[in-house]
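Inspection log for the structure reproduced underneath, given as structure tokens.
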Amino acid sequence: MSKISRSRNPGKTSFRLALVVIAMFGFGFLMVPIYNVFCDITGLNGNNKNTNTVASNVDYKVDENRTIKVQFMSSLNSGTRMDFKPEVFEMEVHPGRVYTTNFYARNPHKLPMIGQAVPSVQPAQASLHFHKTECFCFTQQKFAAREGRDMPVSFVVDPDIPEDIETITLSYTFFDITHTAKNSEQNKLPDGG
Amino acid sequence: MSAVMADEHHEEHPKGITRWLFTTNHKDIGTLYLFLALIMFFIGGFMALIIRAELFQPGLQVVEPQFFNSMTTMHALIMIFGVVMPAFTGLANWLIPMMVGATDMALPRMNNWSFWILPFAFTMLISTLLMDGGGPAGGWTLYPPLSLQTGTALPFVIFSIHLMGLSSIMGSINVIATILNMRAPGMTLMKMPLFVWTWLITAYLLIATMPVLAGAVTMLLTDKFFGTSFFNAAGGGDPVLFQHIFWFFGHPEVYVLILPAFGVISQIIPTFARKPLFGYSSMVYATASIAFLSFIVWAHHMFTVGMPLAGEMFFMFTTMLIAVPTGVKVFNWVATMWRGSMTFETPMLFAIGFIMMFTIGGFSGLMMAITPVDFQYHDTYFIVAHFHYVLVPGAIFSIIAAVYYWLPKWTGHMYNEKLGKLHFWLSTIFVNLTFFPMHFIGLAGMPRRIPDYSLQFVEFNQIATIGAFGFGFAQLLFLYIVLQTVRGGQKATDQVWEGAHGLEWTLASPPPYHSFTTPPEVK
Amino acid sequence: MKECKSRILAGLILALSTPLVWAEYELNLRQGVTDISHQVYDLHMMIFWICVIIGAGVFGVMFYAMFKHRKSKGHEAAQFHESTTVELVWTTVPFLILIGMAIPAAKTLIAMEDNSAADMTVKVTGYQWKWQYEYMDGDAKGVNFFSNMSTPRDQIENRAEKGENYLLEVDNPLVLPVGKKVRFLITANDVIHSWWVPDFAVKKDAIPGFINEIWTKIDEPGVYRGKCAELCGKDHGFMPVEVVALEEHKYLDWVAEQKAAGQVAAAEADKEWSKDDLIAKGEGVYNKNCASCHQPTGAGLPGVFPAITGSPIATGKIEDHINMVMNGKVGTAMQAFGAQLGDVDLAAVITYQRNALGNSVGDVATPQQIKTKR
């Protein structure tokens, strides 16, 4: 009928475009790790690899001339009821030195529960220079019925933190994940629940 | 003369309902798309009127807050995916083969499929209003965690979004395949009409972003039902991530809704100014740069989520940059009109209305680009005023202009010019009455998406409601004019408009079933 | 042309229909009461006027052409269709104007993001649909309360005349001293909210699991009202923000009052409550905390929020009832009110639900009973 449609190839064009579509669908999912990497590099959302993992090398030189205010905050997510409070609201720290503070958490329920604390650091940029050597947020926390305990956080502020950061706020939000965590084998509740 | 030619070809095609169900003809499918858009326009408009009726007075009178939120959500989804996008796809189906000198679209069977998905998708979407817990009420942006509180409707809404996305991806592949492969000899890329150019770029935008939206809503689905935590902080996710992915789709999507409108206006203005389009190549480059910039400005929709300073700066500057190519377009249109020999038939009136009111929407967009001020504008009626200015007297006006402009070509009949002009004046007056006061109430501090408001916003809300009802009823006139023209009327010439140029005007009015069976020569 | 017409029309309608009692309607952004809000206002006006001037120029040329270069006046069409010089000019000039706008905007933005050296810190938590304020340090350290909209439902449902601050008033406003740099740490309990006070030019999203920071320094004492700005569900339109800014000494008086009130509440929990007193108190607590979902009548919203009237929980074992109210139900909109309400309020609202709203179980939850569940 028409010479044009034979001389070129719409099928080939559409095949290539279909590949682009599939690639872009994949890219949508790829944005998740990209976002995480981006947060790890820039501190974007104040919660990244550095706030969620054990810092390996914290052998810094202590900067005695500089003090930074570190504040601690606790929040509960919807549907989570427990007592959860930092021991102190704020501490003056020297960059390079390791400090430890406690958060007190208590399960008021008659049944055991599993919670996950999610850290968030403001200013977000500071999250890259705020290292934790120990934190209850690294793992899921199991509580027996009506059990309360102190949970330590050990941290060190990197001495090369930008000069303009004077205050760092570390916030934890506790999520009751008993229902979702129950399904997996390694999350057996401490006393049979 | 050419009407006789069409009959000589004796194209065999079924009559009645099967003609429409099984059609692979670009004109039939274009017509289906346009009628679907028209029906959805009235459904979505009806929802808008429910919203405006509730907002006529402070206090709750007409609907419950939950249903009100469903209405704002559905109104947006229907108007975007059910009206503007299908209408532009309908125009593309009708016009692109005729404009590039082809017989039909490159992939006619897929064309049929991509249309017939849509009625199912929208039936499913609208039926969610009857489900347990009501329709989606978390806004068309579907931000989690709120959207995850949706009742039974959630998976149906997501599936219907998948279907809409699939349909527009297939439509876009078809458009690109047609433009790249089916052009008549001599029709080089830089000789293509601007409508074809803008659609080519739009189609690429759709192919690049629709799959991302599909991915984002799929993640919502797995978060809700399969225990993933992409957007749940408890599992290491971040609700803000959804906003990033959504707007990575969403901002290019905004240009999907406006670039074809730029193309339509660039066809109409030269015709009625009787003067070639000023700066054709700069128009093409401006369109391409807008499309490129659309990928690097997305976070200006979410300045308040708390980004680091550097991020806010970056998105502020890139957003401001968009004003440059957009400005070039407006300047080019005005330069096309300058020293022309203008007449003001209905399509031209709508096109001029488009330029003015789209520019007003552009200005408020520029104001929003300024991050520190956007903190005040964000999520207020100022934003509502902005995007309605670019979408109603912007995109919708361009679609109406296109219908008036090409309807004589499609049907072979002239529309009623007097009624057309009346339709224009009613639409323009009422659209401004509806949306201009929203600037004021937004600046004065009225948030979006609220069913009830405090007393200092009463007057302007009442004006807006009166305007909205006026605008809605004025569109019944449009329906009447279109049906009247389809059924009969003064015979249109092949050229239709004195100043019209382009291959589609060399065909008969109405054109033969297969557009160009022998490719035309383009000099 | 048509633009002007409709605007004149809008103006006319407005002039004719504006009742004097509401003379305070506003057209423009508020100048506000902080240094930042003034800067924001100035930026807004600067860009507005730039847009007006450009718009007047472009539309002026267009309308000139529309009147002079029309066919009916016998104007012949010229055939020019490009000019590289003109194109370059109208690409470069807007670019330069944009740079001129970006510089002051960037300055203000930098000032806004400087959260350092704050005098006090307040934590703001968004809930469906209320705000919680916690004073983290300073004189008011430890003060912690919820702020619910106080506009009566009768006004919303048009059974009573609407008050002056309809939908903009709360039971417990946030009280702040003037002249102090106050830093807000903002988060949310359930979905995303956005804390907005137009007079401070402060709007920041409250995101569950994350904190955001923003600051303000109020220049003048007064009452400043705002709203939640991010769609957060059914009652998004009904969670106002009210801030009372006081001079330093008055602020300190307020702090002392709050601390004293805390002790009174503790004492109340120990006293003996009669069933009728609990029911009476419970009605208020119910209307403030429960009625927006479960409805003032207790009928709920079918398919979304269950009814209280005749519900298996509110008429079943009191233990389960207390448990549900205190701990909420994960995965639903039912919050854990144990973390939000005091012992007396919890006891009262549970007693109310069991003995009113069409239920008549007859038993009583006491504050002491609640205390043992903590």
_Residues D452(B), Y166(C); criterion side-chain hydrogen bond (donor to acceptor under 3.5 Å, both in side chains); working and verdict_ = CA-CA 10 Å; D452(B) 192 3; Y166(C) 178 68; 2.4 Å; yes
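Put simply, the side chain of P144(B) reaches to within 4.5 Å of the side chain of F242(B), judged on heavy atoms.
Only the side chain of E113(C) comes within contact range of chain B, with at least one heavy atom under 4.5 Å from a heavy atom of that chain. Looking at V305(B), the atoms closer than 4.5 Å to chain C (heavy atoms on both sides) sit in the backbone and in the side chain alike. Contacts of Q128(C) with chain B are made by side-chain atoms alone, with heavy-atom separations under 4.5 Å and no backbone atom involved. At a 4.5 Å heavy-atom cutoff, I36(C) makes no contact with chain B through either its backbone or its side chain. Using a 4.5 Å cut-off between heavy atoms, T380(B) contacts chain C through its side chain alone, with no backbone atom that close. Only the side chain of I207(C) comes within contact range of chain B, judged by heavy atoms closer than 4.5 Å.
Separation of the Y381(B) and H439(B) ring centroids does not fall under the 6.0 Å cut-off.
For the options E82(C), R30(C), H75(C), heavy-atom pairs under 4.5 Å to chain B are most numerous at H75(C). Considering only heavy-atom pairs separated by less than 4.5 Å from chain B, the leading option among Q79(C), K68(C), E213(C) is Q79(C). For the set G233(C), S72(C), A77(C), G32(C), the count of heavy-atom pairs under 4.5 angstrom toward chain B peaks at A77(C). Ranked by non-hydrogen atom pairs under 4.5 Å with chain B, the options M112(C), K73(C), E87(C), M101(C) are led by E87(C).
The backbone N or O of N158(C) sits nowhere less than 3.5 Å from a side-chain atom of E161(C) that would complete a donor-acceptor pair.
A salt bridge between E169(C) and R225(C) is absent, with no side-chain N of the basic residue lying under 4.0 Å from a carboxylate O of the acidic one.
In the model, T72(B) has no side-chain atom that pairs as donor or acceptor with a side-chain atom of R448(B) under 3.5 Å. Inspection of the H236(C) and N69(B) side chains reveals no N or O donor paired with an N or O acceptor under 3.5 Å.
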